[in-house]
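Single-structure report; data block below.
Atom set for the values below is all heavy atoms of this structure, side chains included, hydrogens, waters and symmetry mates excluded.
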Amino acid sequence: MQQQSQEFKEVEDFLAQINLGKYKDTFIDNGVEDLETILELDERHLELMSVPLGHKLKILKRIKDSRKEI
């Protein structure tokens with residue numbers, strides 16, 4: 001269990017920053033397992049993962065901000 005938690009720490013940290021940690025399993029179940037993959041997500045991908053509009057907007061804003069930080 002500890003290894004899995006460490007393995008997906010980037011996903012957990014990203015979602016925790018916007019208080020949407022409840023989507024960790026959704027991201028991992030869809031193969032979104034690291035920050036590199038998260039930064040490739042767009043609106044359509046989040047729709048396919050059934051993320052509601054308000055949460056989708058928060059995630060997309062954080063992705064946009066994260067891309068600027070790199």
[atom1]/[X] to [atom2]/[Y] distance, rounded to the nearest 0.5 angstrom?
{"X": "L41", "Y": "I63", "atom1": "CG", "atom2": "CD1", "answer": "4.5 Å"}
{"X": "K56", "Y": "M49", "atom1": "NZ", "atom2": "CE", "answer": "10.5 Å"}
{"X": "L15", "Y": "I38", "atom1": "CG", "atom2": "CD1", "answer": "6.0 Å"}

TODO: Provide the full list of ring-ring contact (aromatic ring centres under 6.0 Å, His included) pairs with a residue in residues 22-51, sequence neighbours left out, each pair given once.
DONE: Y23-H55
Open item on the list: Taking transitive links into account, so neighbours of neighbours count too, which hydrophobic residues share a cluster with L53 at under 4.5 Å side-chain distance?
Closed with: L57
Tell me, please, which residues at least two apart from [X] pass salt bridge (Lys or Arg N to Asp or Glu O under 4.0 Å).
{"X": "R44", "answer": "E47"}
{"X": "D34", "answer": "none"}
{"X": "K58", "answer": "none"}

Task: With D13 via side-chain hydrogen bond (donor to acceptor under 3.5 Å, both in side chains) - residues at least two apart - done: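 Testing D13 for side-chain hydrogen bond (donor to acceptor under 3.5 Å, both in side chains), a comparison that skips the adjacent residues, returns K9.
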Task: Residues forming a side-chain hydrogen bond (donor to acceptor under 3.5 Å, both in side chains) with Q17, sequence neighbours excluded - done: R62
Task: Validation row: K64, L60 side chains within 4.5 angstrom (heavy atoms) - done: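 SC-SC contact between K64 and L60 ruled out.
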Open item on the list: Any heavy-atom pair between the side chains of V32 and I28 that's under 4.5 Å?
Closed with: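 No - every pair of side-chain heavy atoms lies 4.5 Å or more apart.
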Open item on the list: Can you give me the closest heavy-atom contact between T37 and G31, atom names plus distance?
Closed with: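 Scanning both residues completely, I find the closest heavy atoms to be CG2-O, 4.1 Å.
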Task: Trace of the side-chain contact (heavy atoms from CB on, under 4.5 Å) decision for I59 with F14 - done: CA-CA 9 Å; I59 292 168; F14 176 88; 4.2 Å; yes
